[in-house]
There are 2 protein chains.
Amino acid sequence: MHTHTDSTACDDLAGAARILSAAQHLFAEKGFAAVSMHEIAQHAGVSKSNVFHHFRSKDELYLAVLGAACTSHREQLVPLLSGDEPFGVRLQRIMHADLEFMFAEPERAQLVLREITGTKPDDAVQPAPALLRDNAAALVAQMRIAQQNGEIRAEIDPAAVALLFLAANKFYFLTRNLIRHFPDVDFADDHGRYVEKIADLILHGVLPQEGVPK
Amino acid sequence: MHTHTDSTACDDLAGAARILSAAQHLFAEKGFAAVSMHEIAQHAGVSKSNVFHHFRSKDELYLAVLGAACTSHREQLVPLLSGDEPFGVRLQRIMHADLEFMFAEPERAQLVLREITGTKPDDAVQPAPALLRDNAAALVAQMRIAQQNGEIRAEIDPAAVALLFLAANKFYFLTRNLIRHFPDVDFADDHGRYVEKIADLILHGVLPQEGVPK
DNA sequence: GTCTATAATCAGATAGAC
DNA sequence: GTCTATCTGATTATAGAC
């Protein structure tokens, strides 16, 4: 009566979806090499052979998981970039949306970032690096437009702004479990406060403005 | 005639040092789980059993490698922090030194950063997290002093500046092999240019200074 | 699609000779 | 300190029944 199989237990997912979900969870937490197919099968509530039935190899399963993570990340930044608010407001909105997106699906974000930060010299056309490249390019393009509109200083390198923005957000996400315990940090659990403080720094810099406006 | 053993081949190192070197290389490149003791033994030019003779387990070997990496990192930042140059110059000097240090021993830096960015909620007292904690604390303390001297704005959170600084440098290092191929980026192989651009951003912000000095 | 059973290999780790 | 040989269990993957 159902479309096909009814699931045997646990989640409302069935078959391959259950396996993908378990694999995403484990790969994100422990990394590719530290996870076994046995472990994935257990978490998915199926037999190990069933995992091999749906995915021909461990690599294929990992690529399926990573591909899904990249796909869900791919178009998230672009529609947020434009807008007619002042640059400062737009920057805060983009930072906040990027954070919300990562914290909403931390496992997928972790997978993508692990691929990006552990990349060796040669593998430049993998899905995760390509994702970063595209998002960074869109970000830089937007910075350039803002610069043409006189919203940011003419001497600035748009790529440097994009790097600073991405670095701050990704580093904040990656070290979230560490800086929570740092006595000096009061924004580890309050993304809004974090965005306000970092955006203020990027916008106005740290120097007192009494100096020469140049 | 020698102090003790003379090495059989390859490097000028002998025994445990050869093993440590090979292990550092492999762990940094592929991560703990993806490296086997067999592989380490091969790269070190010794038998697998010999590795187990010097290090009781794979975990112990990894901790030895990681510990060495953390020790060499530990005190590098602190002596650079103070100085009587203007804040802007000091910031550039510290950023540059931190980068030089990471690029001089990229394997050790990679190991430490992998531990920091892959940390799970609970393990807060490991060597690498403790290292980040100490370095960040020293950085924040220095920012506070600069703030008391009126070198940076009073409204600023010193921890936010420290996060921005660390994030920019570490992200730049971690993605060095990727951003090298980005068409918008002209500072991927020129640390000096990178430091200049990022330091300028952190110091002066992106906004045109025609606005209110407030 | 799902399972049990099993193959073939490789992992970490140990024993004991030299 | 270094080696060869070995143990034990885990790993990826396959065969074939249901």
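Order of the sequence lines fixes the chain letters, A, B, ..., with proteins taken first and strands second; residue numbering starts at 1 for each chain.
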Q.
Categorize A/Val35 for me: base, sugar-phosphate, or nothing, with a 4.0 angstrom heavy-atom threshold over every strand shown.
A. sugar-phosphate
(Q) Classify B/Ser36 by what it touches in the nucleic acid, base, sugar-phosphate, or nothing, heavy-atom distance under 4.0 Å. (A) sugar-phosphate
Side-chain N,O ([X]) to OP1/OP2 ([N]) below 4.0 Å:
X	N	result
A/His38	D/dA13	no
B/Asn50	D/dC3	yes
B/His53	C/dA13	no

How long is the line joining [atom1] of [X] and [atom2] of [N], in whole Å?
X	N	atom1	atom2	answer
B/Leu61	C/dA11	CG	P	15 Å
B/Leu26	C/dA11	CG	C1'	16 Å
B/Glu60	C/dG12	CD	P	15 Å
A/Gln42	C/dC3	CD	P	13 Å
A/Phe52	C/dT4	CZ	P	16 Å
A/Phe55	C/dG1	CZ	P	11 Å
B/Lys48	D/dT2	NZ	C1'	15 Å
B/His54	C/dA13	NE2	P	16 Å

Q) Do the side-chain N and O atoms of B/Gln76 and B/Asp98 include a donor-acceptor pair separated by under 3.5 angstrom? A) yes
Q. Any Lys/Arg nitrogen of B/Asp190 or B/Lys197 sitting under 4.0 Å from an Asp/Glu carboxylate oxygen of the other?
A. no
Q.
I'd like to know if A/Asp184 and B/Arg144 make a salt bridge, using a cut-off of under 4.0 Å between side-chain N and carboxylate O.
A. yes
Q | Within-4.5 Å side-chain heavy-atom neighbours: B/Gln110 and B/Leu174 | A | yes
Q) With respect to the side chain of A/Lys58, which nucleotide from D/dA13, C/dG12, C/dC3 is positioned closest? A) D/dA13
Q. Is there a donor on the side chain of B/Ser49 or the base of D/dT4 sitting less than 3.5 Å from an acceptor on the other?
A. yes
Q: Apply the test side-chain contact (heavy atoms from CB on, under 4.5 Å) to residues A/Phe27 and A/Leu66: give CA-CA distance (whole Å), side-chain angles for both, the deciding distance (0.1 Å), then the verdict.
A: CA-CA 9 Å; A/Phe27 283 141; A/Leu66 182 64; over 6 Å; no
